[in-house]
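First the structure, in the form of structure tokens, and then the observations on it.
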Amino acid sequence: MAAAYNHKVVEKKWRGNWEAHPINVNDGKKPKYYCLDMFPYPSGNGLHVGHWRGYVISDVWSRYKMMHGYYVIHPMGWDAFGLPAENYAIKNGVHPRISTQENVTNIKRQIQDISAVYDWDMEVNTTDPSFYKWTQWIFVQMFNKGLAYEKEMPINWCPSCKTGLANEEVVNGCCERCHSEVTKKNLKQWMLKITAYADRLLEDLNKLDWPEKVKKMQSDWIGRSYGAEVDFKVEGKEKSITVYTTRPDTLHGATFMVLAPEHALAKELATQETQKDVEDYIYRASTRSNIDRMQDKEKTGVFTGSYAVNPLNGKKVPIWLSDYVLADYGTGAIMCVPAHDDRDFEFAKKFHLPIIQVIAKDGKEIENMEVAYTEAAGTMINSGDWNGMESAVLKKEAPAIIEKMGVGKKKVNYKLRDWVFSRQRYWGEPIPIIHCDDCGCVAVPEDQLPVLLPDVARYEPTGTGESPLAAIDEWVNTTCPKCGKPAKRETNTMPQWAGSSWYFLRYVDNKNDKQLVSPQRANQYLPVDMYIGGVEHAVLHLLYSRFYTKFLNDIGAVDFDEPFTKLFNQGMITGKNGVKMSKSMGNVVSPDDLIEDYGCDALRMYELFVGPPEMDAEWDDRGIDGVRRFLTRFYNLVSDSAEKNIVPTDELIKIRNKMVYDITARIDNFSLNTVVSGFMEYTNKLLDIAKNIGGIDKDTCNVIVTLLAPFAPHMAEELWEILGHKKSIFIENSWPTYDEEAMKDDTVEIAVQVNGKVKGKVTIAVDASKDLAMEQAKAVLGDKCPNNIVKEIYVPGKIINIVGK
RNA sequence: GCGGAUGUGGCGGAAUGGCAGACGCAGCAGACUCAAAAUCUGCCGGUGGUGACAUCGUGCGGGUUCAAGUCCCGCCAUCCGCACCA
């Protein structure tokens, strides 16, 4: 009997060995495989078992690929700039640089406890000047290409974080970080022209092996629509209003027009009689938050007193203002066709505006219309020259027709907005721009990068729309790189997402001080083959990274234009009843104690066993006992057998081959929870055999230990050594293959059904003939066999079903 | 409102249209033990029956099929995403 398994001793031993003799080495001959984790933000709370899950999945996958002969790029780093670090620092009175460093140290220790094959030589930290030098460099390149520009406009503002936010950072009208209600603030901002890439970001989704859900979220977020801009002349004025519509086919049914209250002409259109009401409405709209506007059950609005002219039929249409029209989409003005649009219909009903149907539904006009008819299906009516045309056809042709008539033009619109890139906060990369009275905005010359984030006594946000950096005169005041005159530095910093938009490039060349990454290395090791992380970044980090990569591709920095070929979103680990783990709920489970009590291998396997990797799962500590018991049984089986010379039986050979086949197929399907249960099943079978014949053979031991290696690497190494091998299992051995012939069964037990219900079982040859099968089935059934047989079904190896009356 | 995912024992979950509940947790009984822990063995969806067995059973209602957790149609519930984008 071998000594009992002691996880503390064994795991410590192998971690030491792996450090001394790395197992994932690049010999220059192996093909590469880049398996990337979404790098963590080093929070003061440390990791919980939910973070572990994704890291375990990616490590199992990395080791699996290693055992298939790949050089696996599996790096880790720290996304350490951004609001949370700063808020934590403010709350605890510690400088962000210090608290971040402490947190990195702690989390790094926790991550090393996973015993993943991370290559720590590749480590990056977004707050390291040698890293953010290149974050700033990319900004300068964008600025030079006109993709980074300054603009004053009302932007989303978080009053609690006291900073502007990107559209992507506003969730249900609230700050993505702190959940405070977001307001609007007029600020001069740096913007990134991500909209210039809208089409490519949308179309290249087709190239990606990503979850459909994420692709859908991105394509919805980009929100491309095809339509037309149409010009309506304002009656009695030398002005016209341009509207955007996706339904130019319904233009004859436009009975009124609505402008956003923020529209440039809104005030001007008011007449003497309406002036007060119009101004009141505009004022009220400006004071309402997004949330208020969203919760509106009923439409509000005000008539300006002015009319526009429908360019097709010359009819007068009243111009209204309403906050259901968005100022920053399209032209901020719409034509309203109440008969064929739900929102316009509701507005028309409320304010008693005319409704003219222009598409026949089921060939006729609807009497007493109660809901808008929104399908583009039917023949045009009440539409002058267009009468009799099919609306579906017209919808496509109308933009061209309108363009020919000179009253409008074709237009493609996007929901995607340019990226608000300035943050009025301290803990971020300074935007490398100098403001000169004569030269305007001038980029900091590349040889002067990085613009170091200065030390500062007070890093609390000011709330005024200026960053705390603005208070440091000696830093702000500089000279213009162009003309040499006194000038001022830009004091806003970049958002959290700046560093994470390109960090995956830096890992493979993290010490390069000449380039952000050498093109040779980038093109050799990238794109990322497998990216593993939570779904919460679907329209944030993942969209920004794609944008950055496409830009870097355009300026020739890299050869590829998509960063992540395959994406896997692991499900969230929650506490009891699906409650998200959080400090405030007091339901956070730390991996530290579990490693101590059960060992890293057991925790790794339980993280997988807890449920399908892509689904959320409720954590229950008790389940880990089962995995630990399995590991002990597995260890005892192999270590006991190692000392014996068991001759392999046919049964052992069959089980071994089946196990290789099964486990491999399940890993390839990413069904990692059933891999663990598969190990248990096969081990239980082998234990039964071992009980009868004293153990299992050496070959089977070698194979099953190899299969276990990506999952429980310490135990696998230990057993590999016990089995007499000298080198690491990951170096000496590769993934086992199976012999299809050897795993075939000769006979099989199949169920015998009568009218679809199981009434008995027969054991027959796998390829038995139908006659033989039916004969045996009837013998088993005896008098349960129906007298009048209508049909006999026999699916070899599966089922026999006798249908009777 | 629109879109997506999910729904199976006390619990986590398994099941290329072919014996529902694998595997594990919890529970119960037994073995070992002075005892406990650990370990091992057995039982473990409901109802009826001492029992072999019968019968019902994968959110609900229909349908297709020799056969449905799985496919189709219509609902319900929960979760997630988007949310007046004209």
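Chain letters run A, B, ... following the sequence lines, proteins first, then strands; residues in each count from 1. Values below: every heavy atom of this structure, side chains too, minus hydrogens, waters and symmetry copies.
Note on ring orientation: taking the six-membered ring where Trp is involved, the planes of A:Phe347 and A:Trp320 are perpendicular (angle over 60°, cut-offs 30° and 60°). The aromatic rings of A:Phe670 and A:Phe568 are tilted relative to each other, their planes meeting at an angle between 30° and 60°.
Looking at the side chain of A:Asp323, the nearest of the listed nucleotides B:rC23, B:rA86, B:rC84 is B:rC84. If you check B:rC23, B:rC84, B:rA86 against the side chain of A:Phe609, the one that comes closest is B:rC23. Counting only heavy atoms from C-beta on, A:Val325 has its side chain closest to B:rA86 among B:rU55, B:rG18, B:rA86.
Contact between the side-chain N/O atoms of A:Arg629 and the OP1/OP2 oxygens of B:rG24 is not found at any separation under 4.0 Å. Note on A:Arg666: every side-chain N or O is 4.0 Å or more away from OP1 and OP2 of B:rU16. A:Tyr324 has no side-chain polar atom (N or O) that falls below the 4.0 Å cut-off from OP1 or OP2 of B:rA86. Within the 4.0 Å cut-off from OP1 or OP2 of B:rG24, not a single side-chain nitrogen or oxygen of A:Asn673 is found. Distances shown here put a side-chain N or O of A:Lys691 below 4.0 Å from the OP1 or OP2 atom of B:rU41. A sub-4.0 Å separation between OP1 or OP2 of B:rU39 and a side-chain N or O of A:Arg633 is absent.
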>> Applying side-chain hydrogen bond (donor to acceptor under 3.5 Å, both in side chains) to A:Asp625 and A:Tyr598, what does each step give before you reach the verdict?
In response: CA-CA 8 Å; A:Asp625 283 306; A:Tyr598 295 93; 3.2 Å; yes
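Look at CD on A:Glu212: it is 12 Å from P on B:rG4, rounded to the nearest Å. If you take NZ of A:Lys215 and P of B:rC82, they are 20 Å apart, rounded to a whole angstrom. Nucleotide B:rG1 holds its C1' atom 11 Å from the NZ atom of A:Lys299, rounded to whole Å. To the nearest angstrom, C1' of B:rA83 lies 13 Å from CZ of A:Arg417. The distance from atom NZ of A:Lys576 to atom P of B:rC25 is 16 Å, rounded to the nearest whole Å.
Under the ring-ring contact (aromatic ring centres under 6.0 Å, His included) criterion, the residue pairs touching residues 671-694 of chain A are A:Phe679-A:Phe711, with sequence neighbours excluded.
Among the protein residues, A:Ser225 comes within range of the sugar-phosphate backbone only, with heavy atoms under 4.0 Å from sugar or phosphate atoms but none that close to a base. In this structure, A:Glu618 reaches neither bases nor backbone, as no heavy-atom distance under 4.0 Å exists between it and the strands shown. At the heavy-atom level, A:Lys757 lies under 4.0 Å from the strands shown only through sugar-phosphate atoms. Residue-level contact check: A:Asp328 touches neither bases nor backbone, having no heavy atom under 4.0 Å from any strand.
Qualifying side chain to side chain contact (heavy atoms under 4.5 Å, CB included) partners for A:Lys691, counting only residues two or more places apart in sequence or in other chains: A:Asp688. The side chain to side chain donor-acceptor pair (under 3.5 Å) check on A:Tyr661 picks up nothing, with sequence neighbours excluded.
Residues of residues 793-804 of chain A that place a heavy atom closer than 4.0 Å to RNA chain B, in numerical order, are A:Ile793, A:Val795, A:Lys798, A:Ile799, A:Asn801, A:Val803. Within residues 769-778 of chain A, no residue is approached by RNA chain B to less than 4.0 Å at the level of any non-hydrogen atom.
Of the possible polar contacts, one joining the A:Asp601 side chain to the A:Met715 backbone as a donor-acceptor pair under 3.5 Å is found. No side-chain donor-acceptor contact under 3.5 Å links A:His48 to the backbone of A:Pro591. In this structure a side-chain-to-backbone donor-acceptor pair under 3.5 Å is missing from A:Arg224 to A:Tyr414. A:Asp745 contributes no side-chain N or O that, together with a main-chain N or O of A:Thr747, makes up a donor-acceptor pair within less than 3.5 Å.
For the P atoms, the distance linking B:rC40 with B:rA26 amounts to 13 Å, nearest Å. Using atom C1' as the reference point in both B:rU58 and B:rC53, the two lie 24 Å apart (nearest Å).
Counting heavy atoms from C-beta outward, A:Thr664 and A:Met659 have side chains that stay 4.5 Å or more apart.
Taken together, the paired segments of RNA chain B that extend over three or more consecutive Watson-Crick or G-U pairs, each closer than 3.5 Å at both contacts, are B:1-7 with B:76-82, B:10-12 with B:23-25, B:27-31 with B:39-43, B:45-48 with B:53-56, B:59-63 with B:71-75.
Looking at A:Glu168 and A:Trp419, their side chains never bring a donor and an acceptor atom within 3.5 Å of each other. Side-chain contact check for A:Asn636 and A:Tyr5: no donor-acceptor pair (N or O, by modelled atom type) lies under 3.5 Å.
Between the side chain of A:Lys213 and the base of B:rC80, no donor-acceptor pair of N or O atoms lies under 3.5 Å.
Between A:Thr674 and A:Tyr244, the one whose closest nucleotide on RNA chain B sits nearer the 5' end is A:Thr674. When the nearest nucleotides of RNA chain B are assigned to A:Trp221 and A:Asn413 by heavy-atom distance, the more 5′-ward of the two goes with A:Trp221.
In B:rG46 the base sits anti relative to the sugar, since the glycosidic angle is further than 90° from 0.
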